[in-house]
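Beneath this line is the structure, given in structure tokens, with notes to follow.
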Amino acid sequence: MPEGPSIVILKEELAPFIGKKVTAVSGNSKIDIARLEKKKLTNIKSWGKHLLLCFSGFTVRIHFLLFGTYRINETKESPPRLHLQFSKGEINFYACSIIIIDEPLDERYDWSRDVLSKAWDPKKAMASLNEIPQTLVCDALLDQDIFAGAGNIIKNEVLFRIKVHPASKVGKLPLKQKKDLIKEAVKYSFDFLEWKKAYVLKKHWKVHTKKTCPRCHIPLKKEYLGKTHRRTFFCENCQVLYK
DNA sequence: ATACATGTTGGAGC
DNA sequence: GGCTCCAACATGTA
């Protein structure tokens, strides 16, 4: 479910509920659910993998982690973490992390860090990368403070596209590769978005979950790299190790 | 059917 | 304080 583009798709799917009043609310979330009762959903935003349901004076933040799911105008067997009933239609969230944010969102979120935001600022990303020369690029791409919304699929595909080995140190990357990293993190995220919408995302994976390099046809490596130990697919031949 | 996976947090230990 | 490791959460898929 997660990765930023999937959240953007959800945000778009939920747009018809903006301006509508919550007529009933329930769920097993530990947040003070009653606060949503009779409140109008004023807006829906996203920041990276965060879905933000805006109400007057507070925001409900949904994070789907690894297993979270949702249903719009239908339900699943399992009890919803949060059920929002409207006079026409309903939204159900399952197995996700939910919190209420009481401060203004602009104080909590730096929109220029969201790879899918219009406010995305590549210069800030470059400045952040320059502060972490010892970090491996596979970890840097998953750093939500730098590339909010990028996930493990995006990580693997971006590094293959720019021909950089995941265990390369950020500080050892030539300027060209660093610029490519930033540019492709955004570009691939938008490709991901379009492919996901068209239900053809997996078809376009070059290395993620793959066995053979589509470029040179040797077997791909699958290793658990970086401090996050997330599975990493790469081609030893096509992706240069800068260390 | 057992293990794993598009993710994050908090706590322990060093 | 910072870093790493680990458990916890929870569910569809192979």
Side-chain angles (χ1 to χ4, degrees), chain A residues 1-11 13 27-31 46-52 60-71 74-83 92-101 108-109 113-116 128 131-136 138-161 166-167 169-171 184-186 188-211 220-234:
Chain A
M1 167 66 221
E3 301 227 20
S6 301
I7 302 304
V8 170
I9 290 169
L10 170 57
K11 177 173 65 174
E13 287 177 332
N28 57 24
S29 167
K30 67 220 164 303
I31 65 164
S46 64
W47 181 88
K49 300 163 190 167
H50 299 206
L51 177 73
L52 302 163
V60 175
R61 189 218 67 182
I62 312 278
H63 196 304
F64 290 96
L65 301 171
L66 214 45
F67 308 126
T69 53
Y70 63 91
R71 292 290 185 276
E74 50 184 71
T75 58
K76 293 209 315 167
E77 293 285 317
S78 51
R81 177 107 338 132
L82 181 65
H83 160 80
N92 295 294
F93 296 106
Y94 305 86
C96 51
S97 163
I98 302 180
I99 62 167
I100 289 183
I101 296 173
R108 173 77 70 112
Y109 293 106
R113 298 296 188 166
D114 180 350
V115 295
L116 289 164
S128 294
E131 286 171 7
I132 53 166
Q134 295 302 318
T135 299
L136 304 188
C138 59
D139 286 331
L141 261 174
L142 292 175
D143 187 335
Q144 300 299 295
D145 292 331
I146 304 176
F147 297 104
N152 207 37
I153 298 170
I154 292 174
K155 175 196 82 179
N156 285 324
E157 295 295 314
V158 164
L159 291 174
F160 179 73
R161 276 188 173 188
K169 287 217 176 99
V170 170
E184 283 301 328
V186 174
Y188 186 82
S189 294
F190 278 100
D191 286 344
F192 184 126
L193 177 61
E194 293 313 309
W195 289 332
K196 178 104 184 175
K197 278 182 182 174
Y199 305 101
V200 293
L201 177 64
K202 288 186 188 183
K203 191 174 88 179
H204 286 89
W205 288 346
K206 301 288 189 193
V207 292
H208 189 74
T209 72
K210 301 298 180 185
K211 298 269 192 250
L220 288 170
K221 286 279 178 188
K222 175 191 170 188
E223 291 177 10
Y224 292 80
L225 300 180
K227 64 181 180 199
T228 50
H229 308 135
R230 302 295 300 281
R231 64 178 180 160
T232 307
F233 298 87
F234 61 98

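Just so we're on the same page: letters track the sequence lines, and every chain starts at 1.
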For this session: Return no unless some side-chain N or O of A/K49 is found under 4.0 Å from OP1 or OP2 of B/dT8.
Result: yes
Exercise. Quick one: does A/N156's side chain have a donor or acceptor within less than 3.5 Å of a partner on A/N152's backbone?
Worked result: yes
Seminar exercise, completed: Applying salt bridge (Lys or Arg N to Asp or Glu O under 4.0 Å) to A/R61 and not counting sequence neighbours gives none
For this session: Please tell me if the side chains of A/F233 and A/K210 come closer than 4.5 Å, counting only heavy atoms from C-beta onward.
Result: no
Exercise. With rounding to whole Å, what would you report as the distance between B/dC4 and C/dC6 at their P atoms?
Worked result: 14 Å
Problem set entry | Footprint string (nucleotides 9-14 of chain C, 5' to 3'): B base within contact, S backbone only, - free, heavy atoms under 4.0 Å | -BBS--
Exercise. More than 12 foreign heavy atoms under 6.0 Å from NZ of A/K76: is that the case here?
Worked result: yes
Using atom names, set out every protein N or O paired with an N or O of nucleotides 11-13 of chain B below 3.5 Å, distance rounded to 0.1 Å.
none

Polar atoms only, N or O, under 3.5 Å: list the protein pairs with nucleotides 6-8 of chain C and their distances.
none

For this session: Can you run through DNA chain C from 5' to 3' and write each base as (, ), [, ], | or . depending on how it pairs? Watson-Crick or G-U wobble, both distances under 3.5 Å.
Result: .||||||||.||||
For this session: Under 4.0 Å from any atom of DNA chain B, heavy atoms only: list the residues of residues 146-160 of chain A that qualify, in numerical order.
Result: A/G151, A/N152, A/I153
Exercise. Under 4.0 Å between a side-chain N/O of A/H63 and OP1 or OP2 of B/dG7, yes or no?
Worked result: no
Exercise. Taking OP1 and OP2 of B/dA5, is either one under 4.0 Å from a side-chain nitrogen or oxygen of A/Y224?
Worked result: yes
Problem set entry | Rounded P spacing from C/dA10 to B/dA1 in Å | 23 Å
